[in-house]
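Report on one structure; see the data block that follows.
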There are 2 protein chains.
Amino acid sequence: MTAPKRSITSTSEAASPALPKRARGRPRKTAEERDDGNRRGALLAAAARLFRRQGFDATSTRDIAAAVGMHSGSPFYHFKSKKALLCAVMEEGMRSAIARQAHAVQDVPPGPQQALQQMRRLIRAHFDTLHGRGNDFVPVMLYEHRSLTSAQRASLTKLQDSYEAAWTPVLEVLHASGQLRAPVKLARLLILGALSWSVQWFDPKKGASLDELTEACMVLFLKEC
Amino acid sequence: MTAPKRSITSTSEAASPALPKRARGRPRKTAEERDDGNRRGALLAAAARLFRRQGFDATSTRDIAAAVGMHSGSPFYHFKSKKALLCAVMEEGMRSAIARQAHAVQDVPPGPQQALQQMRRLIRAHFDTLHGRGNDFVPVMLYEHRSLTSAQRASLTKLQDSYEAAWTPVLEVLHASGQLRAPVKLARLLILGALSWSVQWFDPKKGASLDELTEACMVLFLKEC
DNA sequence: CCTACCGATCGGTAGG
DNA sequence: CCTACCGATCGGTAGG
């Protein structure tokens with residue numbers, strides 16, 4: 001018998017442990033990460049890092065298992081397939097990106113500058129999502145989209161739509177006030193593209209800082225600020 | 001014996017046929033493409049299409065061989081490895097992109113609007129390179145960079161630098177005239193990113209046309225036009 | 001989660 | 001460019 005079948009709650013179709021069975025196994029390899037029950041989370045983090053560095057196809061499930069001290073077959077106890085693991089990485093990335101975004105735009109004080117400040121916060125939150133420490137999940141999504149099944153892609157599209165939707169009202173206000181002159185829909189696609197492409201060239205150890213990058217975006221895309 | 005070793009002239013290290021040996025083989029499969037001697041070109045085009053659609057790792061050399069009516073081992077007569085084939089695809093893409101770009105900016109009439117018009121032409125040429133019929137070579141380069149060896153990457157970087165260098169003087173003029181307010185170097189990275197990212201969402205069969213897209217870029221990035 | 005394994009695929013090559 | 005093939009790797013699974 002493999003992992004028990006259960007109702008699917010996520011497209012990544014992870015098989016979470018059936019019963020805790022705690023304190024019954026053999027001694028842990030290292031004392032760290034004894035907070036068992038988070039082996040799944042460790043797999044996700046290792047997979048995100050390796051997928052980002054090497055790409056999905058160039059990373060074997062054995063690599064990922066080894067990175068968390070497991071043996072070759074064990075990741076399939078937590079995830080039903082390699083693609084399900086990839087999908088879970090992307091879903092986790094989008095969830096945290098959406099949360100970071102929501103946190104960034106809340107409590108922006110009203111006033112004539114509100115939309116500008118919201119725009120600045122959205123841009124900065126996006127850069128944090130792409131370039132923050134350990135934030136490998138969304139970059140993986142950006143260039144490993146093709147490796148999903150179409151069903152997985154559809155599920156992720158909902159999360160992406162929700163993320164992108166937050167930009168629209170801000171861009172509309174800026175458009176109405178003359179700060180943004182391009183059509184809102186195209187502007188959103190182009191701006192998000194400009195930001196996202198930074199995964200290809202941004203190096204936190206040299207060149208501009210994220211603050212400088214954010215300001216460069218503001219003066220590049222908007223008419224007066 | 002395999003293909004004869006010879007001095008390497010290109011990073012893709014293609015093994016071109018030693019002697020023509022023409023009119024000695026068996027009858028061609030189809031009457032078309034009898035312009036023999038271009039089997040290498042056919043492999044390049046097929047590889048570009050498949051790499052773009054499915055990705056490098058998800059495309060087998062057998063797929064590529066079959067697409068041009070060859071048998072599984074034959075691509076290795078023309079290219080020493082799968083990666084060399086990928087690199088050749090990218091080099092070909094960059095060569096034609098550079099040629100298209102040079103053609104686009106030549107003969108822009110001098111005058112106060114010259115830089116604006118050059119900018120427009122650069123943008124439009126970039127979109128043509130990404131979205132023109134059969135132009136799969138550069139899109140492959142954009143998201144299959146990681147699959148190259150570091151030596152191949154270095155060789156390609158030269159071509160990319162040459163391509164990007166053409167933007168700098170135009171952006172500098174626009175910056176000096178106040179049309180562009182962001183720092184030139186960051187502006188170039190962000191603008192090229194915005195354009196390049198369109199491979200992820202642009203659909204020639206619906207939505208905006210390339211002309212509309214180009215104009216949207218102009219009003220998004222520049223202050224008055 | 002480990003052990004032991006299978007079936008399939010794939011890049012690449014020798015020789016003609 | 002074809003034929004025939006090899007060695008290696010890989011995703012995944014049965015059973016515990």
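Chain identifiers are assigned alphabetically (A, B, ...) following the order of the sequence lines, protein sequences preceding nucleic acid strands; residue numbering begins at 1 within each chain.
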Checklist line | A/L192 side chain reached by A/H126 side chain, heavy atoms, under 4.5 Å | finding: yes
Check: Roughly how many Å is it from CZ in A/R40 to C1' in C/dC1, rounded to a whole number?
Finding: 16 Å
Note to self: Side-chain N or O of A/R39 versus OP1/OP2 of C/dC1: is the shortest distance under 4.0 Å?
What the structure shows: yes
Next item on the list: Would you mind telling me which residue lines up with the more 5' stretch of DNA chain D, A/S74 or A/A58, judged by nearest nucleotide?
Entry: A/A58
Note to self: In whole Å, I'd like the distance from the CG atom of A/L50 to the P atom of D/dG11.
What the structure shows: 12 Å
Notebook entry, point to check: What is the distance from CZ of A/R62 to C1' of C/dA4, rounded to the nearest Å?
Noted result: 11 Å
Notebook entry, point to check: Which pair of non-hydrogen atoms, one from A/F51 and one from B/R146, has the smallest distance, and what is that distance?
Noted result: O-NH1, 3.6 Å
Margin query: Counting only Watson-Crick pairs (N1-N3 plus N6-O4 or O6-N4) and G-U wobbles (N1-O2, O6-N3), all under 3.5 Å, who is the partner of C/dG7?
Written below: D/dC10
Next item on the list: Quickly work out the A/L85 CG to D/dG11 P distance and round it to whole Å.
Entry: 11 Å
Next item on the list: Round to the nearest Å and state the distance from A/L43 atom CG to D/dG12 atom C1'.
Entry: 15 Å
Notebook entry, point to check: Nearest of D/dC1, C/dA4, C/dC1 to any side-chain atom of A/S72?
Noted result: C/dA4
Notebook entry, point to check: Atom CZ of A/F76 and atom P of D/dG11: how far apart are they, to the nearest Å?
Noted result: 6 Å
Item checked: Under-4.0 Å side-chain N/O to phosphate OP1/OP2 contact, B/S60 with C/dT9 -> no
Check: So which heavy atom on A/F137 is nearest to which on A/V89, and how close?
Finding: CD2-O, 3.2 Å
Next item on the list: Compare every heavy atom of B/L213 with every heavy atom of B/W201, then report the nearest pair and how far apart it is.
Entry: CH2-CD2, 3.8 Å
Notebook entry, point to check: D/dG11 C1' sits how many Å from A/F79 CZ, rounded?
Noted result: 16 Å
Notebook entry, point to check: To the nearest Å, how far apart are A/F51 CZ and D/dG11 P?
Noted result: 9 Å
Next item on the list: Tell which nucleotide pairs with C/dG16, taking only Watson-Crick or G-U wobble pairs whose two distances are both under 3.5 angstrom.
Entry: D/dC1
Next item on the list: Write down the atom of B/D57, the atom of B/S147, and the distance for their closest heavy-atom approach.
Entry: OD2-OG, 4.2 Å
